[in-house]
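Only one structure is covered here, and it is reproduced in the block below.
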Amino acid sequence: MRVCVTGATGRMGDAVRAGATERGWDVLPVSRTAEDARSPADLASVLADERPDALVDFTVPESSVEAVAACAEAGVPAVVGTTGFDDAETEALHEASEAVPVLHAPNFARGVATLAALVEEASETLVGYDVELTETHHRGKRDAPSGTANRLLDAVESPRAARGDDTERVHGREGEHLRGEREVGVHVRRAGDIRGEHEVLFAGNDEVLTLTHRAESRGVFAAGALDAAAWLAGREAGWYDFSEVLHDDA
Ligand SMILES: NC(=O)C1=CN([C@@H]2O[C@H](COP(=O)(O)OP(=O)(O)OC[C@H]3O[C@@H](n4cnc5c(N)ncnc54)[C@H](OP(=O)(O)O)[C@@H]3O)[C@@H](O)[C@H]2O)C=CC1
Ligand SMILES: O=C(O)C1=N[C@H](C(=O)O)C[C@H](O)C1
């Protein structure tokens, strides 16, 4: 496999480079700052000349959108791990997927895919329970709540919506405020170099259920993204989900 890695000096870019090298893959790093990498301004020619099997991007939304557009132009599959996209940026990624395969996941840890399924099941079964979500990440994280938190909130909300119960996301609380029945509390913590923790708590019926995932290294995200890149290479243009990679592996 030959993989192009954008944001090569970033926390995740570095982990992806290391993981790909460990697999014996050929790595084409792209970075605004690294001396051993090509500049993002040269991305189109890197893709056209070097013909990587896939591009893996963990950067910032505006740069991811540009990278995926370059992939669409060059016919290179794109794996995107960046979070914090607004609607227009998400739409731009979907547009690119008309030309090339694109796989975006807010979390490439395998356990998080299972967590999302468990959260959806709990939300379906534990009708009327209060739900509170807490996510904790390193001090350098830009977006809040995390992309994973938003995905888990969708998993809480979809069974509620299916039975006609709407939900109000309440971000932190202060002052006098009695909890409403429709509320789902969302709590964000930023500290140190915590790799990523997500906890969803269900409380009611004199019992508490907590479902928690904790990433213990960035290697876990990098490995999932590289598995996705290998899976995506050579596929038809389209929008793919990480769960498809996991189901094929199972
Ligand atoms: N899906 C998943 O499993 C995971 C997703 N993430 C997401 O990946 C993204 C990156 O996270 P992380 O690696 O911690 O972030 P970092 O800030 O460490 O790295 C981002 C890199 O992007 C590059 N970059 C390109 N354009 C810009 C710009 N305009 N401003 C700043 N940086 C830019 C820089 O690399 P350079 O200077 O080399 O060009 C930078 O180092 C985040 O959105 C995060 O939420 C993180 C972990 C797991
Ligand atoms: O920025 C991070 O570090 C992480 N971001 C992702 C997110 O926003 O969900 C995934 C992971 O939790 C680490």
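One-based numbering, in listed order, for ligands and for the atoms of each. Since the model is a prediction, treat every value here as computed from it, not as a measurement. For the single chain, residues carry numbers from 1 onward in sequence order.
- Set against the non-hydrogen atoms of T9, the atoms of ligand 1 under 4.0 Å away are 35 (O), 36 (P), 37 (O), 38 (O), 41 (O).
- The proximity of H198 to ligand 2, defined as any non-hydrogen pair under 4.0 Å, is limited to the side chain.
- For the side-chain contact (heavy atoms from CB on, under 4.5 Å) test, residues two or more places apart in sequence or in another chain that qualify with R151 are P106, D241.
- Short contacts between ligand 1 and S31, defined as distances under 4.0 Å to a heavy atom of the residue, involve ligand atoms 36 (P), 37 (O), 38 (O), 39 (O).
- More than 12 heavy atoms of other residues, nucleotides or ligands sit less than 6.0 Å from atom CD of E207.
- For ligand 1 and M12, the ligand atoms under 4.0 Å from any heavy atom of the residue are 13 (O), 46 (C), 47 (C).
- Partner of T83 under the side-chain hydrogen bond (donor to acceptor under 3.5 Å, both in side chains) criterion, chosen from D143, N150, T148, N107: D143.
- Salt-bridge check for D193 with R195: passed, with a basic side-chain N closer than 4.0 Å to an acidic carboxylate O.
- In the vicinity of A8, heavy-atom distances shorter than 4.0 Å reach the ligand 1 atoms 38 (O).
- Nearest to atom 3 (O) of ligand 2 by heavy atom, out of H213, H138, E197, is H138.
- In this structure the side chain of V100 never reaches within 4.5 angstrom of the side chain of V76, judged on heavy atoms.
- Residue contacts with ligand 2: G147 is placed with a nitrogen or oxygen under 3.5 Å of a nitrogen or oxygen of the ligand (distance criterion only).
- At a 4.0 Å cut-off, at least one heavy atom of F221 sits close enough to ligand 2 to count as contact.
- A salt bridge (Lys or Arg N to Asp or Glu O under 4.0 Å) with E135 holds for exactly one of R190, K141, R189; it is R190.
- Rounded to the nearest 0.5 Å, atoms CH2 (W231) and CG (D248) are 6.0 Å apart.
- A distance-only check finds a donor-acceptor pair linking the side chain of R51 to the backbone of A74 [under 3.5 Å].
- The residue among F85, F221, F58, F242 with a heavy atom at the shortest distance from atom 20 (C) of ligand 1 is F58.
- For the pair V30 and ligand 1, the shortest N or O to N or O distance does not fall below 3.5 Å.
- The residue among T59, V16, D14 with a heavy atom at the shortest distance from atom 9 (C) of ligand 1 is T59.
- Each of the atoms 18 (O), 19 (O), 41 (O) of ligand 1 lies under 4.0 Å from some heavy atom of G10.
- A salt bridge does not link R160 to E120: none of the charged nitrogens lies less than 4.0 Å from a carboxylate oxygen.
- Within ligand 1, counting atoms from 1 as listed, the ones closer than 4.0 Å to a heavy atom of G81 are 1 (N), 2 (C), 4 (C), 5 (C), 6 (N), 7 (C), 8 (O).
- For the atom pair CD (E157) and CZ (R182), the distance works out to 11.0 Å, reported to the nearest 0.5 Å.
- At least one N/O-N/O distance between R32 and ligand 1 falls below 3.5 Å.
- Close contacts of ligand 2 with K141, meaning ligand atoms under 4.0 Å from a residue heavy atom, involve 1 (O), 2 (C), 4 (C), 5 (N), 6 (C), 7 (C), 8 (O).
- In K141, the part holding a heavy atom less than 4.0 Å from any atom of ligand 1 is the side chain.
- If you check which protein heavy atom lies closest to atom 6 (C) of ligand 2, you get P106 O, 3.4 Å.
- Counting heavy atoms closer than 4.0 Å to ligand 1, residue P106 contributes backbone atoms (N, CA, C, O) but none from C-beta onward.
- One N or O on the side chain of R2 and one on the backbone of E50 form a donor-acceptor pair closer than 3.5 Å.
- Remark: side-chain polar atoms of T134 are not paired, donor with acceptor, to backbone N or O of H187 under 3.5 angstrom.
- Interface atoms of ligand 1 facing T82, defined by a heavy-atom separation under 4.0 Å, are 8 (O), 43 (O).
- Listed by number with element, the atoms of ligand 1 under 4.0 Å from a non-hydrogen atom of N107 are 1 (N), 2 (C), 3 (O).
- Proximity to H137 (heavy-atom distance under 4.0 Å) selects the following atoms of ligand 2: 2 (C), 3 (O), 4 (C), 11 (C), 12 (O), 13 (C).
- Considering backbone and side-chain N/O atoms, T83 comes within less than 3.5 Å of an N/O atom of ligand 1.
- Between R17 and D36 there is a salt bridge, since a side-chain N of the basic residue sits under 4.0 Å from a carboxylate O of the acidic one.
- For the ligand labelled ligand 1, residue A105 lies inside the 4.0 Å heavy-atom shell.
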Intermediate values then yes/no, side-chain hydrogen bond (donor to acceptor under 3.5 Å, both in side chains), S146 and H198:
CA-CA 9 Å; S146 67; H198 294 88; 2.8 Å; yes
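- Side-chain atoms of H213 do not come within 3.5 Å of backbone N or O of A113 as any donor-acceptor pair.
- For ligand 2, the atoms lying closer than 4.0 Å to a non-hydrogen atom of T83 are 7 (C), 8 (O).
- Heavy atoms of S63 found under 4.0 angstrom from ligand 1 belong exclusively to the side chain.
- Salt bridge status for E132 with R173: present, with a side-chain N to carboxylate O gap under 4.0 Å.
- In terms of polar-atom proximity, R218 is not counted as a contact of ligand 2, lacking any N or O under 3.5 Å from an N or O of the ligand.
- Of the N or O atoms in T148, one or more lie within a sub-3.5 Å distance of an N or O in ligand 2.
- Residue F108 has at least one N or O atom closer than 3.5 Å to an N or O atom of ligand 1.
- Interface of N107 with ligand 2, defined as ligand atoms under 4.0 Å from a residue heavy atom, comprises 10 (C), 11 (C), 12 (O).
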